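Since the model is a prediction, treat every value here as computed from it, not as a measurement. A note on names: the letters A, B, ... follow the listed sequences, proteins ahead of strands, and every chain is numbered from 1.
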Protein chains: 2
Amino acid sequence: MGRTAASGAERGVTMRDVAKAAGVSIKTVSNVVNDYEFVSDATRKRVSRAIDELGYSVNVSARNLRKGRSGIIALVVPDLQMPYFAQLSSLVITEAKKLGLRVIVEPTLYSREGELNALHGTQTGMVDGIIYSPLELGQDDVAELDVECPLVLIGERIFTDRVDHIATENVEGAKRATSYLLQTGCRRVAVVGVHPGETVGSAALRFQGYREALEESGVEFDPALVVPSVMWHRSDGERAMNDLLDAGVVPDGVVALNDMLASGVMHAIQMRGMNVPDDIAVIGFDNSDDSQYLSPSLTSIAPGLEAVARLSVRVLNDRIDGRLPLGVADGAHVFRKVASTLVVRESTRPLN
Amino acid sequence: MGRTAASGAERGVTMRDVAKAAGVSIKTVSNVVNDYEFVSDATRKRVSRAIDELGYSVNVSARNLRKGRSGIIALVVPDLQMPYFAQLSSLVITEAKKLGLRVIVEPTLYSREGELNALHGTQTGMVDGIIYSPLELGQDDVAELDVECPLVLIGERIFTDRVDHIATENVEGAKRATSYLLQTGCRRVAVVGVHPGETVGSAALRFQGYREALEESGVEFDPALVVPSVMWHRSDGERAMNDLLDAGVVPDGVVALNDMLASGVMHAIQMRGMNVPDDIAVIGFDNSDDSQYLSPSLTSIAPGLEAVARLSVRVLNDRIDGRLPLGVADGAHVFRKVASTLVVRESTRPLN
DNA sequence: TTGTACGCGTTATCAG
DNA sequence: CTGATAACGCGTACAA
């Protein structure tokens with residue numbers, strides 16, 4: 001009434017109103033609201049009742065101003081629709097909630113500009129910290145990471161000792177995948193989804209792991225078994241596998257650099273009347289949610305996203321609170337590589 | 001340097017500092033910052049320079065306190081990892097950005113408690129509005145939607161005239177899908193993913209559309225062609241289709257109630273050496289991102305998520321600003337059903 | 001254990 | 001066009 005009824009949030013009932021209604025001072029109301037321990041039960045009750053009756057709720061903006069905090073962090077990712085980042089976001093939000101933080105998700109939509117904007121744009125204010133997972137920025141852009149608020153870097157595109165960094169085991173994971181195929185009897189293992197010429201980023205690192213595994217097992221590297229694909233969609237995997245088979249190259253195992261590629265690879269194999277894993281074993285990467293729903297269900301490398309999420313949020317929270325993250329010297333920065341694990345399902349042959 | 005580098009946001013340079021440095025008053029700085037038009041170019045320049053030199057940036061918390069707004073809206077969805085909601089979130093975020101709003105995504109993880117908490121929890125403060133897409137709450141919970149801030153409801157679980165509501169064409173969409181199969185020559189059209197006993201929610205509405213299409217075309221309804229499945233994953237679709245075929249029922253078309261089911265259905269068909277669409281045509285629902293990457297690519301009903309996102313954000317923004325959304329009388333509420341469209345791809349036969 | 005009074009950084013209302 | 005000055009609602013020394 002009275003007013004234009006505009007004002008979104010509170011109806012205007014403040015601590016002062018509550019104080020008056022309960023016959024106490026503002027400070028006492030504040031104490032109750034913030035669960036300050038030295039408040040007599042009697043007053044606490046009176047105040048609580050007044051709060052309920054007036055429908056009071058604290059004005060978060062005022063609190064933020066006073067405390068110099070917003071309780072909000074930004075999560076910057078390329079694209080919410082990619083299973084990998086959707087899962088990461090989901091986990092980060094869950095983890096943040098545990099620590100009383102809320103998350104603003106900022107998709108940069110694969111644009112360099114978007115990624116820079118998330119760091120230096122006008123919208124930057126009000127977040128206490130940033131979890132940053134770039135796909136476009138590269139090693140040359142290290143300087144851009146120098147921002148006002150704490151920042152935790154995720155991924156394998158940039159390496160620097162100037163910010164906290166949580167990385168995943170791309171090399172090791174791909175190596176483990178390849179080794180597993182070799183151990184289960186594969187001799188001609190193809191790799192699908194390579195980005196020729198790249199030296200940083202998931203594709204390059206995973207391909208490196210593939211090569212290391214071959215080398216370690218004494219299996220000779222065969223360029224004919226390497227299938228490039230810039231995009232990593234299902235149809236790319238299908239096309240890649242068809243190209244390979246059309247060229248007369250028949251592997252007995254395939255390492256796909258992500259699960260969607262793997263899905264397409266399996267489909268191509270099955271469409272030719274061959275069996276996965278008996279004729280050709282297939283292994284994926286990312287252990288995305290639907291790898292278990294494929295048929296056969298897909299053996300995959302789980303990058304440990306839970307750990308990535310947990311660590312990122314925790315480290316960021318420590319920085320925000322001005323604490324040193326666990327196990328880091330003053331002035332130094334966190335660098336953690338999260339262990340990946342092999343999730344064995346039906347698309348590969350058993351170990352014996 | 002100097003300090004512990006802790007303090008999240010600003011280093012403490014305020015409008016007052018800028019004003020002093022530029023030799024003007026605070027108000028003038030404010031004017032410049034907010035692009036107030038009646039500022040002489042000279043002053044504007046002086047102030048701008050001072051801002052740059054001191055590295056000033058506005059304190060968003062203070063602004064929020066003063067304006068009674070935070071510029072943040074909450075988007076409440078069941079699960080970020082479901083393609084449908086990932087896409088919706090992505091679109092809402094993009095749309096909100098255009099209007100200068102930021103989005104906090106709140107996954108409720110399929111829990112009733114989570115959905116209620118998003119409305120009445122302690123974290124509620126500070127958001128100017130809520131876009132609410134419940135999956136657990138039902139018609140009985142209408143009262144819960146009565147919250148302090150503007151709220152826009154999305155989905156088909158609850159219908160009420162007490163809040164703004166953007167719905168999608170579930171009935172019409174499924175009807176269109178079924179009709180299309182019939183028009184392209186199918187005579188025995190199965191439906192996969194039905195939830196027996198349900199009367200609200202996507203499953204019930206889509207099934208209803210299926211029946212209406214049959215009726216309209218004068219094709220008799222055959223219960224044997226109805227395959228229930230509570231879950232809507234790929235493997236559920238595969239199992240459902242296998243059950244159907246194992247029972248000796250061979251349809252010439254399948255309406256899957258979402259794309260993941262459709263994917264499984266196609267796989268089951270292909271694994272038996274049959275062809276999609278020549279032997280059995282398949283149509284999905286949601287037009288999820290990867291329906292185009294299946295093989296054959298999947299004909300699907302696109303629920304018009306872009307429009308849902310655009311409308312929700314716009315309506316919410318109007319309410320936040322105290323405006324009446326376009327075409328709504330005072331005291332009334334928006335109810336909009338967004339048109340769905342049929343996206344024809346390779347999994348169905350052509351019209352002629 | 002509770003009350004008083006001030007300041008956080010902006011924006012808005014006036015005069016000038 | 002610009003300058004004082006009063007809120008905005010809450011936290012917090014400090015005093016009682």
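Across all strands shown, B:Ser61 has no heavy atoms under 4.0 Å from either base or sugar-phosphate atoms. Residue A:Arg66 is in base contact, counting any heavy-atom pair closer than 4.0 Å across all strands shown.
Atom CZ of B:Arg102 is separated from atom CD of A:Glu106 by 5.0 Å, given to the nearest 0.5 angstrom. Atoms OG and CG, on B:Ser312 and B:Leu88 in that order, are 7.0 Å from each other to the nearest 0.5 Å.
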Test log, rule salt bridge (Lys or Arg N to Asp or Glu O under 4.0 Å), inputs B:Arg112 and B:Glu115 = CA-CA 5 Å; B:Arg112 179 182 163 81; B:Glu115 294 191 350; over 6 Å; no

CA sep, side-chain torsions, deciding dist, call: B:Arg310, B:Glu306, salt bridge (Lys or Arg N to Asp or Glu O under 4.0 Å) | CA-CA 6 Å; B:Arg310 186 162 34 79; B:Glu306 304 79 3; over 6 Å; no

Check the pair B:Arg157, B:Glu136 against salt bridge (Lys or Arg N to Asp or Glu O under 4.0 Å), reporting the backbone distance first and the verdict last.
-> CA-CA 8 Å; B:Arg157 299 277 311 170; B:Glu136 300 293 326; over 6 Å; no

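In this structure, the side chain of A:Asn59 engages the main chain of A:Ala62 through a donor-acceptor pair within 3.5 Å.
Between B:Arg44 and A:Lys67, the one whose closest nucleotide on DNA chain D sits nearer the 5' end is B:Arg44.
At the phosphate of C:dT10, neither OP1 nor OP2 sits under 4.0 Å from any side-chain N or O atom of B:Tyr36.
Side-chain atoms of B:Asp17 and B:Tyr56 form no donor-acceptor pair, as typed in the model, at a separation below 3.5 Å. Under the 3.5 Å distance criterion, with hydrogens and angles disregarded, no donor-acceptor pair is assigned to the side chains of B:Ser70 and B:Asn64.
A:Asp161 places none of its side-chain heavy atoms less than 4.5 Å from the side chain of A:His333.
The CG-P distance, from B:Leu65 to C:dA12, rounds to 12 Å in whole Å. One can place CG of B:Asn64 at 11 Å from C1' of C:dG9, the figure rounded to the nearest angstrom. Note: CE (A:Met15) to P (C:dT2) measures 15 Å, nearest angstrom.
Protein chain B contacts DNA chain D over a range whose 5' and 3' limits, counting nucleotides with an atom under 4.0 angstrom from a non-hydrogen atom, are D:dC1 to D:dG9.
The B:Arg63 side chain lies nearest to C:dT10 when the options are C:dT2, C:dT10, C:dT1.
A heavy-atom distance below 4.0 Å to DNA chain D is reached by these residues of residues 22-35 of chain A, ordered by number: A:Lys27, A:Ser30, A:Asn34.
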